[in-house]
2 protein chains.
Amino acid sequence: MTILRNRPSAGSPERGIPDATVARLPVYLRALNALTEQGIGTCSSNDLAAQAGVNPAKLRKDLSHLGSYGTRGVGYDVEYLRYQIALEIGQNQDWDVVIVGVGNLGSALSAYQGFSTRGIRVAALVDSNPERIGTTISGIEVSAMADLKKVVAEREISIGIIATPGEAAQEVADRLVEAGITSILNFAPALVQVPDNVDVRKVDLSIELQILAYHEQRKAGEAS
Amino acid sequence: MTILRNRPSAGSPERGIPDATVARLPVYLRALNALTEQGIGTCSSNDLAAQAGVNPAKLRKDLSHLGSYGTRGVGYDVEYLRYQIALEIGQNQDWDVVIVGVGNLGSALSAYQGFSTRGIRVAALVDSNPERIGTTISGIEVSAMADLKKVVAEREISIGIIATPGEAAQEVADRLVEAGITSILNFAPALVQVPDNVDVRKVDLSIELQILAYHEQRKAGEAS
DNA sequence: TCGATTTTGAGAACACGTTCACAAACTCTT
DNA sequence: AAGAGTTTGTGAACGTGTTCTCAAAATCGA
């Protein structure tokens, strides 16, 4: 008896796509949209990889995790591939998100143009500052933290964004989890602890610049 | 004759720190600051790793790339280690940055509180929109794109932030490079091509949410 | 129909990053 | 002074991600 490996049978889009691949699928989607706008209906892995800024072999390996959507000697049908990737990453539906904290960053995010075209809809804003509650930002009324659970339930929101100062992050994360949120994007410069079933991604603006500063320092010190 | 490997001689802080380690050093710095605030003068790799949210073995391996700053049986001196890491990533000096594009996101970044405490100073704002030029945002006057080169030279800025729509990103990157910028943080949803000597890091807000959406979809489809 | 050409899909090699596990180096107690 | 306990630093094992390479599968022209 042979041990069956979890190789997808090409028809069933078997689970288990590597994290690194998942992170690049939205990039491919964007590249495919660009090709469509240029009126290109078919492309090779070379073309698409160039547009997406990755190695062609990596692109093909990534796509091979979804299935076999190309044709040897020909390439990929742009529209078909776009559809398959969109299906895979849930891009053919809209995702409602709630932003907690409508300071400068939260307000900027609520007005961000790039979300809507990628299936992201800012459906609710929440803040703890009484002066902000009730005001309207980017066409959305700011709710109180106390109403978070109600808002999340009403709009069936599953993704939350933390855009508060670091001190408030853990408290906000707890509230989000309590309200039923299962994915969090955390912009606050702090770690947050959540249950296992909740996904957290962290974007740390300072750290990105600190990494660049490190490389700048290295360049500057290349007199040795 | 043995081949000499580029093992640092522990005294000389030899170059070549892995990227993954560099990206975590600012996290350790933040954790050390937190420990100092709690009045803790010495910590083990376990303590610090818990504070930073990483595996203790990873922390020790990371620190070993900088040198041997701990004491066996004792741990690390918080203040000494903080100083050494700060030295390594250039945190004991301030880094001036220029933000190009003062729309919602650019404005939010210029007001971001988290930068100043991490050695980042927003020194200049630039925009192409005539209506914005000359206005003051977060205490800084917005300059015209045409003055970018002058501003960068005057203030000796080496790091630039692109906070424009995607269409303008490449043009802005070209101008930044031309002005002498050698590190770029790109918030625009677009690839930018730059010379080899220029570092680019990309923060893509939509993609972060799309990745979370993918995981949400997987959770939702766990009826199979 | 056949050979030349193109291009995918995937095995294999490689590179990078993480974690384990333990000797070495230190402190503390007796 | 010696043994027990603690904790670092690092070699080795492991896992993930990337790149190379090429057989297989398709197209096209003659």
Side-chain angles (χ1 to χ4, degrees), chain A residues 5-11 13-25 27-28 32 35 40-78 80-81 84-85 211, chain B residues 2-3 5-25 27-28 32 35 40-78 80-81 84-85 88 211:
Chain A
R5 277 284 159 200
N6 57 350
R7 184 80 265 295
S9 51
E14 176 70 44
R15 263 64 259 257
I17 296 176
D19 288 347
T21 296
V22 171
R24 281 187 295 266
L25 292 179
V27 178
Y28 301 154
L32 287 166
L35 290 176
I40 295 169
T42 304
C43 68
S44 68
S45 60
N46 259 303
D47 300 338
L48 184 52
Q51 183 70 236
V54 302
N55 181 301
K58 189 192 287 186
L59 169 69
R60 291 202 300 274
K61 175 89 43 183
D62 281 343
L63 295 183
S64 77
H65 288 114
L66 313 195
S68 209
Y69 298 134
T71 308
R72 295 174 189 218
V74 179
Y76 301 92
D77 181 275
V78 172
Y80 180 59
L81 185 58
Q84 290 297 341
I85 295 178
I211 293 169
Chain B
T2 0
I3 293 169
R5 278 287 158 197
N6 56 351
R7 184 80 265 295
S9 52
S12 62
E14 175 70 45
R15 263 62 259 258
I17 298 176
D19 288 346
T21 296
V22 171
R24 281 187 295 266
L25 291 179
V27 177
Y28 300 154
L32 287 165
L35 290 176
I40 296 169
T42 304
C43 67
S44 68
S45 61
N46 259 303
D47 301 336
L48 184 52
Q51 185 69 234
V54 301
N55 181 301
K58 189 192 286 188
L59 169 69
R60 292 201 301 275
K61 175 85 54 179
D62 281 342
L63 295 184
S64 76
H65 289 113
L66 314 193
S68 207
Y69 299 134
T71 308
R72 295 173 189 219
V74 179
Y76 301 92
D77 181 275
V78 172
Y80 180 59
L81 185 57
Q84 290 297 342
I85 295 178
E88 190 67 37
I211 293 170

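Note that this is a predicted model, so its numbers are computed, not measured. Chain letters run A, B, ... following the sequence lines, proteins first, then strands; residues in each count from 1.
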Gap between atoms [atom1] and [atom2], on [X] and [N] respectively (whole Å):
X: A:K61; N: C:dG11; atom1: NZ; atom2: C1'; value: 7 Å
X: B:D77; N: D:dT7; atom1: CG; atom2: C1'; value: 15 Å
X: B:L59; N: C:dG17; atom1: CG; atom2: C1'; value: 15 Å
X: A:K58; N: D:dG17; atom1: NZ; atom2: C1'; value: 8 Å
X: B:N55; N: C:dA21; atom1: CG; atom2: P; value: 12 Å
X: A:D19; N: D:dG17; atom1: CG; atom2: P; value: 6 Å
X: B:R72; N: C:dA23; atom1: CZ; atom2: P; value: 12 Å
X: B:Y28; N: D:dT8; atom1: OH; atom2: P; value: 13 Å

Flag side-chain contact, heavy atom, 4.5 Å: B:L81 against B:L48: yes
Side chain to side chain, A:D47 and A:I40, heavy atoms closer than 4.5 Å: no
Which residue lies more 5' along DNA chain D, comparing A:G73 with B:G70 via nearest heavy atoms: B:G70
Most 5' of A:A20 and B:T71 on DNA chain D, judged by nearest nucleotide: B:T71
If the cut-off is 4.0 Å, is [X] near the phosphate of [N], judged by side-chain N/O to OP1 or OP2?
X: A:Y76; N: D:dA26; value: no
X: B:R60; N: C:dT18; value: no
X: A:S45; N: C:dT7; value: no

Distance-minimising heavy-atom pair for A:P56 and A:N46: CG-OD1, 3.4 Å
For the student: nearest non-hydrogen atoms of A:C43 and A:L35, plus distance: SG-CD1, 3.9 Å
Euclidean distance, A:I85 CD1 relative to A:R24 CZ, rounded to 0.5 Å: 12.0 Å
Options C:dT7, D:dT8, C:dA12, nucleotide nearest the side-chain atoms of B:S44: D:dT8
